[in-house]
Novice: 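Please find one structure pasted underneath; my questions will follow.
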Amino acid sequence: MIDKKLEEAFNDQINKELYSEYLYLAMKVKFMEWNLQGFVNWFDVQVQEEHAHGMGMFNYLDERGGNIDLRAIERPEVKGNTPLEIFEHVLEHEQYVTSRINHLADVAEEVKDRAALHLLDWYIKEQVEEEANVGGLLATLRLIGDDKKALLILDKDLAARTFVQPVIG
Ligand code: FEO
């Protein structure tokens, strides 16, 4: 069994992870328009990661005998009209997700659910990685500035990113 308040917080976070999947899908469309295929690949991997994050919580809630309550996914709004601006939005979004994961851990702590805290440790570490990856990319994009050739080299690098199904928990 799982505490109702924690169940609600998990359901809310499942929605936020699936919204993240949707947001990155919308960002991918922008890069498709610019024909930056490496970035498109980067977002493809990101979309799959967010799906895995959402499903990790979905499966966990089921395992704990909680009620899964799927909610409407908000229409994603992509802020920014350049790769740099879009990645500023990605970082801002990941920082927001980190704050929500921390909130979820606060609730788990409040209801003294050690098993959930153990699971959430994985998500907390994942957020550190997510922010570091995006922060690194953002720094590179700032360095690139208006240099189109350098942007194309970065695009080539990003084509190599592959999705690895995470083992959550
Ligand atoms: Fe699921 Fe990018 O955090």
Side-chain angles (χ1 to χ4, degrees), residues 2 6-32 36 38-64 66 68-80 83-109 113 115-142 154 157-169:
I2 191 160
L6 186 56
E7 177 187 275
E8 164 57 31
F10 266 115
N11 275 313
D12 183 60
Q13 191 59 31
I14 289 169
N15 182 269
K16 289 192 164 49
E17 297 293 343
L18 297 183
Y19 171 78
S20 302
E21 178 181 358
Y22 219 38
L23 176 66
Y24 293 141
L25 204 51
M27 288 179 175
K28 169 183 149 157
V29 172
K30 285 269 190 183
F31 287 93
M32 284 162 67
L36 287 167
F39 281 91
V40 167
N41 176 63
W42 192 91
F43 279 102
D44 267 338
V45 173
Q46 200 66 17
V47 162
Q48 291 176 83
E49 283 198 354
E50 297 307 343
H51 187 75
H53 295 167
M55 290 312 293
M57 290 185 185
F58 178 104
N59 292 333
Y60 184 73
L61 206 47
D62 179 52
E63 201 182 338
R64 295 288 306 276
I68 296 162
D69 177 25
L70 295 178
R71 289 124 197 227
I73 299 171
E74 206 184 305
R75 185 174 194 267
E77 195 199 328
V78 179
K79 288 187 238 159
L84 175 65
E85 285 170 2
I86 289 177
F87 272 85
E88 278 167 349
H89 185 185
V90 174
L91 183 60
E92 188 187 297
H93 181 69
E94 287 301 331
Q95 287 165 342
Y96 169 68
V97 172
T98 299
S99 75
R100 296 314 300 168
I101 297 279
N102 287 338
H103 168 74
L104 191 44
D106 285 346
V107 176
E109 227 161 50
D113 191 324
L117 277 169
H118 179 75
L119 176 91
L120 289 168
D121 262 351
W122 184 89
Y123 282 90
I124 289 165
K125 282 187 209 134
E126 175 72 1
Q127 282 311 117
V128 171
E129 244 181 64
E130 291 266 74
E131 285 191 33
N133 283 342
V134 176
L137 256 172
L138 200 48
T140 306
L141 282 166
R142 284 197 181 113
L154 174 62
D157 287 351
L158 297 183
R161 188 185 189 201
T162 54
F163 174 66
V164 179
Q165 184 74 44
V167 181
I168 299 176

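Heavy-atom basis, side chains included; hydrogens, waters and symmetry copies ignored. Numbering of residues begins at 1 and proceeds along the displayed sequence. Whatever order the structure lists them in is the order used to number ligands and atoms, beginning at 1.
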Novice: Any carboxylate oxygen within less than 4.0 angstrom of a Lys/Arg side-chain nitrogen, looking at Lys16 and Asp12?
Specialist: yes
Novice: Are the aromatic rings of Trp42 and Phe87 close, with centres under 6.0 Å apart?
Specialist: yes
Novice: So, Gln48 and Gln165: side-chain donor and acceptor under 3.5 Å apart, yes or no?
Specialist: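 Checked: Gln48/Gln165 side chains show no N/O donor-acceptor pair below 3.5 Å.
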Novice: Atom 1 (Fe) of ligand 1: which protein N, O or S atoms are under 2.8 Å away?
Specialist: Glu17 OE1, Glu50 OE1, His53 ND1
Novice: Check for a donor-acceptor pair, side chain of Asn41 on one end and backbone N or O of Arg161 on the other, with a separation under 3.5 Å.
Specialist: yes
Novice: Do you know which of Glu130, Lys28, Glu21 makes side chain to side chain donor-acceptor pair (under 3.5 Å) with Gln46?
Specialist: Glu130
Novice: Quick one: list whatever passes side-chain hydrogen bond (donor to acceptor under 3.5 Å, both in side chains) with Asn15, sequence neighbours left out.
Specialist: none
